Structure formats: structure tokens, C-alpha cells
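The block underneath contains the structure these notes are about, expressed in C-alpha cells.
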2 protein chains.
Amino acid sequence: MNASRTARDRARAELTQEIKNEARRQLAVDGAQKLSLRSVARELGMVSSALYRYFASRDELLTALIIDAYDAVGEQAEKAAEGGAPRERWRKACHAVRDWARANPHEYALIYGSPIPGYAAPQDTVASAARVPMVLIGILRETNPSPAFEGPPLTDGLAGQLRALGEQVAPDGERIAPDLPLETLNRGIVVWTQLFGMLSFELFGQFVGSVDPTNEFFDHTIEQLADFLGLPPAR
Amino acid sequence: MNASRTARDRARAELTQEIKNEARRQLAVDGAQKLSLRSVARELGMVSSALYRYFASRDELLTALIIDAYDAVGEQAEKAAEGGAPRERWRKACHAVRDWARANPHEYALIYGSPIPGYAAPQDTVASAARVPMVLIGILRETNPSPAFEGPPLTDGLAGQLRALGEQVAPDGERIAPDLPLETLNRGIVVWTQLFGMLSFELFGQFVGSVDPTNEFFDHTIEQLADFLGLPPAR
DNA sequence: CGATTCCGAGAGCACTGCTCTTGACTTGTG
DNA sequence: CACAAGTCAAGAGCAGTGCTCTCGGAATCG
């Protein structure tokens, strides 16, 4: 399992990376729709068929980009949420995700928009996709939330799903959140969907004509969600 | 402005509709990605170039489908929200939207997923797109909400945006909601994004592995959102 | 060194959106 | 009624796509 043993291996890894880079460049400009293997190959000075030695299909290339995108936004969120009071970590994580999304709208659309073809999104993506929600769970685990209002009781089936989710084993071998109250876990999922619902609406143009510069609405809602979660108030 | 005057006009309108129907059929099967003018034409027994007499481009056909989709889901929501107590109207509207989305996932993706090309979505779509949020506003206007918790105060800029939104003139010539408290309007936008955030996550596969059969989570959240809005409790 | 594996190039297939021209048909009007 | 104007479907064609297969040359391994 020696990494990059032969010159060929190194060249292959390098070229694979260059293909992804060029693809990402084109993705950022024109969107996933117009990303073409041929133009990637052309830009790299090779012929299209050669590219198939590295990615078996256009979809496979896109899947690689999807994983990278999940990792990129996940890493941003993780770094932003390091240290500080729970509420502060929550704020920073949200803004990190939003900043990344606004800086890379096409990559955002790739992972949180409509599934591309017959959505081949395989198991490889889930570990990377889970990084942002895991950040949120990490914040919830380090506080003792006292939600702003009680809300309806969990139904049996939902409670079962949440319990199973908490017991589920993450890629790192640990269980996700066996200690988290189910009610808290449920609220975590709610705010998770709210966060990305806002971002999708903002980036996909649904807010045009209402809260169009979304900055203030976003900040206000983030704070409201923190109250909803029961994160201790700041200062 | 006599509707369907000549035989030619009638034939034209009919064929336009048939093209849209066939396109919608293909959309439902394979998604927007694979919808091709040529195959639509082929299925209709005509040649591809003939189709350009009815739609100037593929994007224009898609735009027509987008408007139809907005109208379809809007109509479902409107019908579902007729009559009853506010909370009941809210529940029914949410379920109507979800049912439509699950029955027509590709059409849902077309309007609430990633913008297709360089998103040409013109002004024509906004009136249709506004129908679902207008249903929600209609519910809010017919009650005197007492939210379940107070939440952070509106910032000046956000309050200004909300005021402008309420004064805005809808397609029917009426102002949207000049009488609605800004705080209530704000919460309306929050639950609107939450509703579609949930649907997108469900349909685009983000809930796989967590609250995967989403029925109970959806129902529970709808109720929680009703509390959040301050809709009077049922029964 | 020899055999094997890997790799890029090229040709080619079936498909796409879109344009332009041609000839036939339908209109409404002189 | 007849004729000019308008409309239409069809066909050929262009540039581009994803993907497959074959073919020589090069690197790697035994």
C-alpha cells in the first residue's frame, strides 16, 4: 500500500487531479449542465477518449466533483465551528456554509440541487455529505439545550427513527449521538433543513422580490434557530 | 382578441399543448436533463425543425413547463387550503404540496432544484411561483397569531424589506399583505423555506440514512411550524 | 530481455440543439 | 374568384456531445 510508488502511478494521480481541477474550473463558469468531457480533454491538450482511462463516464467525473464539494463545504464548517460558545460556533458554522455556497454556487447546486442524471450518488458520498450535519451535532452535544418552546411530542415512529440515527455508526467508528435527547436531535434536523432551505432559496432565486439581499434575513433566522435549538444566549 | 378564431389558430394552440404534454411525459420519465426536442418531435410524428415554430428553443419549452408546474402545485395548495381553521388549512396546504412534489418529482426538481441553464427564468414565472406563498399569507391574514416564543427583534433593514414586501402589488392588483405584522410576515417566510427545504431534502435524497421515510418527521415539523407561527391549536 | 500492462491517439457511432432553405398549404383581401 | 402574403412541415446540414473500439508505442514487472 505504498503511496505513489512508480512514476506511472504518480503521473496518473497527478493527471487525475488535473482533470478534476479543469472540470471544476469549467463547472464554476458554466455549471454542471455544460460541463463536457471533450472540452475538459481539449483544454488539457489530450483527446477525449484518453480521459476515459481516468473516469469511466461523465457521471463518474461529476461524482468525484460532488465528493470534493461535500468535503470542501464540510471542512469550512468544521474549521469555522472550532472553539467558542455553542451559539457562536453555530453562527460561524452557518456563515461558513453560506459563504462557501455563495462563492461556489455551481458546486452548491451540484450537491444540494436536483440530482443530476438517474442520481447515481453512491455510498462514497455519504461520509463526505455527513460532515456538515456532524458539525451541528457536535455543537449540540456540548451544550445542554433549553429550547425556547416545547412543541408537539415526538410520535413513536419518529422517536424510533431518531434513536436509530443516534445509535448509527459514523465513518470514524463512533456512534453518532447516543447521548443526545431525541427531542434535541429532532430539532437539529429541523434547523439543518432550514439552513439549506434558505441557501437553496437564496441561490436558486426564490427570494428575488421578497428578502432579496438575504443577509439580514439569514442572520436573523440563524439567531431564531439558535433560540429554537435552545443554545444559551450570547453575552 | 377573439380566442381561437381561425382553424389555423386552433390547430396551433392544440399542437402547442400536445408538445407540452409530450414534453411533460418525457420529463416525468427521464428528467429535464434528458428531455430532447428531437425525441419530442419524433414521438409526435414530426421533424425536429418543425417544433421550432412553437418554441424558439429548448429553454423556452422548459420555461413553459416551469410555469405549468408552478401553476399546478399552486392550484393544489389553493384548493387544499380552502375553508377550515387556520391550522387545518396550513396542514392541508403542506400535505398538498408534498403530495404533488412526490407525485411529480422531476417537475418539482425543475422549479425548486438547480436553475437549469443560465437560469433564464423570466418575469412570466413569478406570478405562478407566488401562488404557494400567497396561500400561506392568506392563512396568516385570517388569524391573529400568537407565536410560541418571542425570538430576536427584527433589525431595521429586515423590517424595511418586509414592509416593502407587504406593500408590494400582487398580480391581481391588490397589495400583498399591508396589514400583516412584520414579525408574522417574517415567520411566514421562515416556514415557507422550511417547508420546501424539507421537500428538497426528501426528494433529493439528503434524508437517506436519517429520517428516511419522511412521513412522520414531516407531520411533526408541520405541527411545530404551526406552533412557531402561532396558529391557534386544533381540537 | 521478454511479456505484460498501461496509455494516448484516432476513427467512428448515435445522438443532441439549432439554422436555413424549399416547396406546399391556408389566409384574408383586392 | 384569384392572387399575394403569411404560415407551415420537411429536409439537409453544422457543430457539438458521450462513449466505444482498435491500434501502435511506451513503461513496468518478472
Side-chain angles (χ1 to χ4, degrees), chain A residues 1-20 22-23 25-27 29-66 110 115-120, chain B residues 1-20 22-23 25-27 29-66 110 115-120:
Chain A
M1 217 52 83
N2 196 347
S4 70
R5 281 181 325 156
T6 78
R8 200 154 30 202
D9 282 0
R10 251 181 301 121
R12 182 178 181 83
E14 228 169 84
L15 230 176
T16 306
Q17 196 56 48
E18 267 183 57
I19 292 171
K20 284 205 290 186
E22 175 59 27
R25 225 185 46 77
Q26 297 196 11
L27 177 70
V29 175
D30 292 321
Q33 188 83 6
K34 317 205 107 182
L35 190 155
S36 93
L37 284 184
R38 289 183 114 110
S39 76
V40 169
R42 205 179 305 129
E43 212 65 28
L44 261 49
M46 56 205 297
V47 90
S48 75
S49 58
L51 226 151
Y52 283 82
R53 303 246 176 230
Y54 298 85
F55 295 94
S57 70
R58 197 190 105 111
D59 281 6
E60 195 171 287
L61 212 195
L62 278 179
T63 301
L65 293 183
I66 287 175
L110 192 62
I116 299 288
Y119 43 70
Chain B
M1 217 53 85
N2 196 345
S4 71
R5 281 181 325 154
T6 77
R8 187 134 61 189
D9 283 359
R10 252 181 301 121
R12 183 178 179 82
E14 225 168 87
L15 231 177
T16 304
Q17 196 57 48
E18 267 182 57
I19 292 171
K20 284 205 289 186
E22 174 60 26
R25 225 184 46 76
Q26 297 197 10
L27 178 70
V29 175
D30 291 321
Q33 189 83 7
K34 318 205 106 184
L35 190 155
S36 94
L37 285 184
R38 289 183 114 109
S39 76
V40 169
R42 204 180 304 129
E43 212 65 27
L44 261 49
M46 58 204 300
V47 89
S48 74
S49 57
L51 225 150
Y52 283 83
R53 301 237 172 236
Y54 299 86
F55 295 94
S57 69
R58 198 190 105 112
D59 281 5
E60 196 171 288
L61 211 194
L62 278 179
T63 301
L65 294 184
I66 286 175
L110 192 61
I116 299 288
Y119 41 69

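Every value quoted in this text rests on a predicted model; they were computed, and no experiment measured them. Just so it is clear, the values below take in all heavy atoms, side chains as well, and ignore hydrogens, waters and symmetry mates. Sequence lines set the chain letters: A, B, ... in the order given, protein chains first and strands last, and positions in each chain run from 1.
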Query raised in the report: Can you name the closest pair of heavy atoms from A:Leu110 and A:Ala32 and give their distance?
Result: CD1-CB, 3.8 Å

Query raised in the report: Over how many whole Å does the gap from B:Leu51 atom CG to D:dC8 atom P extend?
Result: 13 Å

Query raised in the report: Residues in salt bridge (Lys or Arg N to Asp or Glu O under 4.0 Å) with A:Arg25, at least two apart?
Result: A:Glu22

Query raised in the report: Looking only at heavy atoms, which two atoms of A:Tyr54 and A:Glu60 are closest? And how far apart?
Result: O-OE2, 4.3 Å

Query raised in the report: Can you check the B:Ile19 CD1 to D:dC8 P distance for me, whole Å?
Result: 11 Å

Query raised in the report: Hey, does A:Phe55 reach any base, or is it just sugar-phosphate, or nothing, if we go heavy atoms under 4.0 Å?
Result: nothing

Report task. At under 4.0 Å between heavy atoms, which parts of nucleotides 14-25 of chain C does protein reach? Answer with one letter per nucleotide, 5' to 3': B base, S sugar-phosphate only, - none. Result -> --BBBBB-----

Query - Whole-Å distance separating the CG atom of B:Leu15 from the P atom of D:dT7 - result: 16 Å

Report task. Measure the distance from NZ on B:Lys34 to P on D:dG18 and round it to the nearest whole Å. Result -> 13 Å

Report task. Applying side chain to side chain contact (heavy atoms under 4.5 Å, CB included), run through B:Glu14 and B:Gln17 and close with a yes or a no. Result -> CA-CA 5 Å; B:Glu14 225 168 87; B:Gln17 196 57 48; 5.7 Å; no

Query raised in the report: When the distance from CG of A:Leu44 to C1' of C:dC7 is rounded to whole Å, what number comes out?
Result: 15 Å

Query raised in the report: Taking all non-hydrogen atoms of both residues, which atom of B:Leu37 and which atom of B:Tyr52 are closest, and how far apart?
Result: CD1-OH, 3.1 Å

Report task. To the nearest Å, give me how far apart CG (A:Leu62) and C1' (D:dT17) are. Result -> 14 Å

Query raised in the report: How long is the line joining CE of A:Met46 and P of C:dC6, in whole Å?
Result: 17 Å

Report summary line: residues 34-43 of chain A vs side chain to side chain donor-acceptor pair (under 3.5 Å), sequence neighbours excluded, gives A:Gln26-A:Ser39, A:Ser36-A:Ser39

